[in-house]
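Convention: sequence-line order gives letters A, B, ...; per-chain numbering from 1. The structure presented is a predicted model; accordingly, all values stated were derived computationally and were not measured.
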There are 2 protein chains.
Amino acid sequence: MARCWEHWLSRSNPRVLHTLESAGGFASAQEVYQLMQREGQSIGLTTVYRALQSLVNEKIVDILRRDDGEAIYRLCGDSHHHHIVCKGCGDTVEIEGGAVEKWAQSLAAEHGYRDVGHSAEIFGLCPKC
Amino acid sequence: MARCWEHWLSRSNPRVLHTLESAGGFASAQEVYQLMQREGQSIGLTTVYRALQSLVNEKIVDILRRDDGEAIYRLCGDSHHHHIVCKGCGDTVEIEGGAVEKWAQSLAAEHGYRDVGHSAEIFGLCPKC
DNA sequence: ATGAAAATGATAATCATTTTCAATTATGCT
DNA sequence: AGCATAATTGAAAATGATTATCATTTTCAT
Ligand SMILES: [Mn+2]
Ligand SMILES: [Mn+2]
Ligand SMILES: [Zn+2]
Ligand SMILES: [Zn+2]
């Protein structure tokens, strides 16, 4: 009987996830890879990319893009939320969507859009910077 | 990885702007370049990139990223606004920020962030798709 | 006209991401 | 265990958008 791979987990996923977690904030695939290398872990860059992609698909990590287009990932809590990101040092604060959620839903409905999602991030200089 | 733009700022180019305008929606730098080529216009890809970047700096065009990370540009009206983008066909609707503006400002202030900006886009399937 | 400064674009370099594919490893079965 | 098959891995090569260089051309004020 064929095994069901619908919710398959790569055996590398936990290690990548743990590294991303210990990174504390956003990290790119390249950065996760370098962190694991420094820790002496044996893993390939390809596997890091694959693991991060599947974690995104499972909604265990968030993905967004830096201004230069590089994808960055972050382990998130189990609830939907947004971020304030410091343009200076990269520090992030998780925040609630609140008004944004209703804004997105009502405007999408108003224009007849279905299967709606949204992105919303705040950028600024943190108190330290 | 952050790259250095500093030596070529502020060179808008009417031909690039006109091509982007006639494209009607979002277009990448590569696409604008190809459009101009097909129209028989003589221009270099480098200049297209430079022109688009300066138009972004001047806030004459908006810049977004496709899921694959490619930057796409669109001529926008003169007021700050947001978009609903169709995941299927790419059609976009310009919308007002409304609640989002206050949300961003108040949360940023609450956490002591200065020099605040934000991004907010809605994605979904348009009525046609 | 002259020279300085700005603009241009061909070309090469950069670099994140994806693709390939052969080797390794896990899994299921007898 | 032993064997077959499928899944996983990662090194290496390919891809492709973006950026850096730099020689040449254009603009423009004097
Ligand atoms: Mn939200
Ligand atoms: Mn806004
Ligand atoms: Zn900061
Ligand atoms: Zn559509």
So does B:Arg15 pair up with B:Glu39, basic N to acidic O under 4.0 Å?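 Salt bridge flag = no for B:Glu39 with B:Arg15.
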Thinking salt bridges, do B:Arg66 and B:Glu31 make one under a 4.0 Å N-O criterion?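 Looking at B:Glu31 together with B:Arg66, the answer is yes, because their closest N to O distance falls below 4.0 Å.
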Return the value, rounded to whole Å, for the distance between atom [atom1] of [X] and atom [atom2] of [N].
X       : N      : atom1 : atom2 : answer
B:Glu31 : D:dG16 : CD    : P     : 14 Å
A:Phe26 : C:dA16 : CZ    : C1'   : 18 Å
B:Gln41 : C:dT8  : CD    : C1'   : 15 Å
B:Tyr33 : C:dT11 : OH    : P     : 10 Å
B:Met36 : C:dT8  : CE    : C1'   : 12 Å

Parallel, tilted or perpendicular: rings of B:Phe26 and B:His83 (30°, 60°):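 Ring orientation, 0 to 90° scale: perpendicular.
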For the CD1 atom of B:Ile84 and the CZ atom of B:Phe123, what is their distance to the nearest 0.5 Å?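 Separation between the atoms: 11.0 Å.
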Quick one: which protein N/O atoms are closer than 3.5 Å to N/O atoms of nucleotides 17-23 of chain C? Pair and distance per line, please.
| unit_1 | atom_1 | unit_2 | atom_2 | d |
| --- | --- | --- | --- | --- |
| C:dT17 | OP1 | A:Ala71 | N | 2.8 |
| C:dT17 | OP2 | A:Tyr49 | OH | 2.7 |
| C:dT17 | O5' | A:Tyr49 | OH | 3.3 |
| C:dT18 | OP2 | A:Gln53 | OE1 | 3.0 |

Should A:Ile122 and A:Val93 count as side-chain neighbours, where that means a heavy-atom distance under 4.5 Å?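 A side-chain contact is absent here, since even the closest heavy-atom pair is not under 4.5 Å.
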Looking at A:Glu96, A:Glu121, A:Glu101, A:Glu94, which hits side chain to side chain donor-acceptor pair (under 3.5 Å) with A:His82?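 In the set A:Glu96, A:Glu121, A:Glu101, A:Glu94, the residue that makes a side chain to side chain donor-acceptor pair (under 3.5 Å) with A:His82 is A:Glu101.
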